[in-house]
Peer 1: 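The structure follows.
Each chain gets a letter, A, B and so on, in the order the sequences are listed, and its residues count up from 1. Here the structure is a predicted model, which is why all the values come from computation and not from measurement.
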There are 2 protein chains.
Amino acid sequence: MIRLFIAEDQRMLLSALGSLLDLETDMKVIGQATSGEEALKAILELEPDVCLMDIEMPVMNGLEVAEELVRRSSVSKVIILTTFARPGYFERAVKAGVQGYLLKDGEIDELADAIRKVVNGKRIFSPELTVNVFREENPLTPKEQEILKLAALGKTTKEITKELYLSSGTVRNYISEIIHKLGAKNRTEAASIAEKKGWI
Amino acid sequence: MIRLFIAEDQRMLLSALGSLLDLETDMKVIGQATSGEEALKAILELEPDVCLMDIEMPVMNGLEVAEELVRRSSVSKVIILTTFARPGYFERAVKAGVQGYLLKDGEIDELADAIRKVVNGKRIFSPELTVNVFREENPLTPKEQEILKLAALGKTTKEITKELYLSSGTVRNYISEIIHKLGAKNRTEAASIAEKKGWI
DNA sequence: AATATGAGGTGACAAATGTCATATTGTCAG
DNA sequence: CTGACAATATGACATTTGTCACCTCATATT
């Protein structure tokens with residue numbers, strides 16, 4: 001019997017997946033969580049065979065949970081299950097050593113199959129991802145990301161200087177560099193691009 | 001037997017809801033769609049008793065579909081099912097005369113109950129919404145919304161003038177007014193605010 | 001000791017943005 | 001017809017943004 005844990009903040013999907021996977025004769029859902037923190041704690045305690053993990057969750061996101069599980073040498077296998085084919089996410093998940101990365105874009109039957117494969121030691125990745133998308137790394141340094149996040153909220157250069165203790169010239173230099181790296185024409189477009197790619 | 005139609009662009013949730021509701025002894029899922037356009041066509045043809053309708057779908061969103069159904073005097077009842085408690089969405093749904101507005105934040109059992117109530121002529125709304133949130137109307141005119149949408153993508157004033165056939169002064173006046181209405185300090189912050197509230 | 005390298009900074013400049021007061025024009029109720 | 005209104009436009013202005021060349025200083029590297 002495969003022991004499953006599901007972490008997913010959209011309760012409707014969580015309960016739907018729970019009910020349906022429980023109907024499979026060889027699986028049992030032993031726990032659920034709607035936040036990353038909750039999930040981490042429960043997984044360490046319950047040691048499920050496989051965790052289905054959403055990325056965008058409150059408190060701690062699914063990638064952080066996956067990374068932390070590896071750090072604590074958990075035996076549970078992780079399948080990331082997300083809406084987003086964002087290259088940044090995928091790459092980070094692979095680096096964290098997850099056993100699968102699926103998009104919420106397939107049928108559930110596929111999901112059950114995938115779980116069985118992972119239990120048997122295989123790795124599974126949505127084909128949409130592995131093909132072209134992989135090598136698009138986040139070109140932004142951590143500092144640039146931090147600055148762009150603030151700019152995306154509409155903060156002015158001056159406000160950013162105050163939050164980050166930098167001079168206004170420096171902030172403008174950073175933003176100029178960000179705009180150049182992303183091929184944007186102004187900070188707003190840069191923010192729009194980076195958000196779409198999952199880089200900030 | 002209640003005849004259901006489900007429109008939802010996240011395939012995993014679509015198929016999960018489909019399977020689970022089909023298990024209910026008094027319901028039958030007679031159709032599914034993953035885009036608004038598809039949904040509209042199928043609903044007009046199949047005339048289901050109840051449609052579950054996501055808002056954010058490609059081609060035509062769920063609210064537009066609901067409005068169009070009313071316009072064509074469809075007999076099918078509509079329950080909006082969405083992640084977002086955005087006041088703008090809710091208000092528009094109510095105006096369109098939908099029979100229910102639920103958040104994807106509850107269990108499926110609740111959903112089945114809600115469907116039965118709607119069939120019996122009741123209306124159901126997630127309590128989170130009706131309480132406080134209602135009276136926050138979208139302060140932006142359609143034109144302002146259109147302009148702000150473009151600005152949110154990082155388009156410059158000049159690019160906006162070309163798309164909308166307005167002079168640059170007019171565009172700047174509009175943006176100035178938008179910024180004022182939203183209490184923002186620049187177009188980027190205005191976009192950020194409007195997006196969060198579901199106004200653009 | 002000599003030299004990269006990287007984080008942060010200056011100053012100058014052109015362009016874009018935001019504000020405001022003031023037109024022009026067309027539509028529509030009275 | 002007239003006056004109110006909405007949509008669009010102008011011009012003038014102060015600020016903010018984006019670009020670029022060059023500076024400083026502390027660590028690493030050789």
Peer 1: Just jot down the salt bridge (charged side-chain N to carboxylate O under 4.0 Å, His left out) partners of B:Glu67, sequence neighbours excluded, or say none.
Peer 2: B:Arg92
Peer 1: Nearest to the side chain of B:Thr170 - D:dT17, C:dG8, D:dA9?
Peer 2: D:dA9
Peer 1: I'd like to check the salt bridge (charged side-chain N to carboxylate O under 4.0 Å, His left out) partners of A:Glu56; sequence neighbours left out, ordered by chain and number.
Peer 2: A:Arg86
Peer 1: Nearest to the side chain of B:Tyr174, which nucleotide is it out of C:dT19, D:dA7, D:dT19?
Peer 2: D:dA7
Peer 1: Tell me, do B:Thr82 and B:Tyr101 make a side-chain contact under 4.5 Å, heavy atoms counted?
Peer 2: yes
Peer 1: Is A:Glu8 paired with A:Lys104 through a side-chain N to carboxylate O contact shorter than 4.0 Å?
Peer 2: yes
Peer 1: Going by salt bridge (charged side-chain N to carboxylate O under 4.0 Å, His left out), name the residues that satisfy it together with A:Arg172, two or more places apart in sequence or in a different chain.
Peer 2: none
Peer 1: Between B:Glu146 and B:Lys149, does any side-chain N to carboxylate O distance fall below 4.0 Å?
Peer 2: no
Peer 1: Tell me the partner of D:dT30, counting only Watson-Crick (N1-N3 plus N6-O4 or O6-N4) or G-U wobble (N1-O2 and O6-N3) with both under 3.5 Å; none if nothing fits.
Peer 2: C:dA1
Peer 1: Measure NZ/B:Lys155 against P/C:dA16 and give the value in whole Å, please.
Peer 2: 16 Å
Peer 1: Show me the protein contacts with nucleotides 21-26 of chain C, counting only N or O atoms at under 3.5 Å.
Peer 2:
none

Peer 1: In whole Å, I'd like the distance from the CD1 atom of A:Ile175 to the C1' atom of C:dG9.
Peer 2: 16 Å
Peer 1: Does A:Lys158 place a side-chain N or O at less than 4.0 Å from the phosphate oxygens OP1/OP2 of D:dT17?
Peer 2: no
Peer 1: Which residues in residues 162-169 of chain A have at least one heavy atom lying under 4.0 Å from any atom of DNA chain D?
Peer 2: none
Peer 1: Using side-chain hydrogen bond (donor to acceptor under 3.5 Å, both in side chains) as the criterion, list what pairs up with A:Thr157, not counting sequence neighbours.
Peer 2: A:Arg187
Peer 1: Taking salt bridge (charged side-chain N to carboxylate O under 4.0 Å, His left out) as the definition, give me every residue that meets it alongside B:Glu37, ordered by chain and number, with sequence neighbours left out.
Peer 2: none
Peer 1: Return each pair, listed once, that meets salt bridge (Lys or Arg N to Asp or Glu O under 4.0 Å) where at least one residue sits in residues 154-171 of chain A; pairs must be two or more places apart or across chains.
Peer 2: A:Lys155-A:Glu163, A:Glu159-B:Lys185
Peer 1: What's the CD1-P distance between B:Ile160 and D:dT8, to the nearest Å?
Peer 2: 14 Å
Peer 1: Mind calculating the distance between CD (B:Glu159) and P (C:dT17) to the nearest angstrom?
Peer 2: 9 Å
Peer 1: Which residues pass the side-chain hydrogen bond (donor to acceptor under 3.5 Å, both in side chains) test with B:Ser19, not counting sequence neighbours?
Peer 2: none
Peer 1: In whole Å, I'd like the distance from the CZ atom of A:Arg172 to the P atom of C:dG8.
Peer 2: 17 Å
Peer 1: Counting the atoms with a prime plus P, OP1 and OP2 as sugar-phosphate, which does A:Thr157 contact under 4.0 Å by heavy atoms, base, sugar-phosphate, or nothing?
Peer 2: sugar-phosphate
Peer 1: Applying side-chain hydrogen bond (donor to acceptor under 3.5 Å, both in side chains), can you list everything that pairs with B:Ser176, at least two apart in sequence or on another chain?
Peer 2: none
Peer 1: According to a strict under-4.0 Å criterion, is A:Thr156 in side-chain N/O contact with OP1 or OP2 of D:dT16?
Peer 2: no
Peer 1: Can you sort out the partners of B:Asp26 under side-chain hydrogen bond (donor to acceptor under 3.5 Å, both in side chains), two or more places apart, ordered by chain and number?
Peer 2: B:Arg116
Peer 1: Please report, rounded to the nearest Å, how far the C1' atom of D:dT8 is from the CD atom of B:Glu146.
Peer 2: 15 Å
Peer 1: For B:Glu144 and D:dT8, what is the distance between atoms CD and P respectively, to the nearest whole Å?
Peer 2: 11 Å
Peer 1: Using a strict heavy-atom distance below 4.0 Å, which residues from residues 184-194 of chain B are in contact with DNA chain C?
Peer 2: B:Asn186, B:Arg187
Peer 1: B:Ile179 CD1 to C:dC20 P: how many Å, rounded?
Peer 2: 11 Å
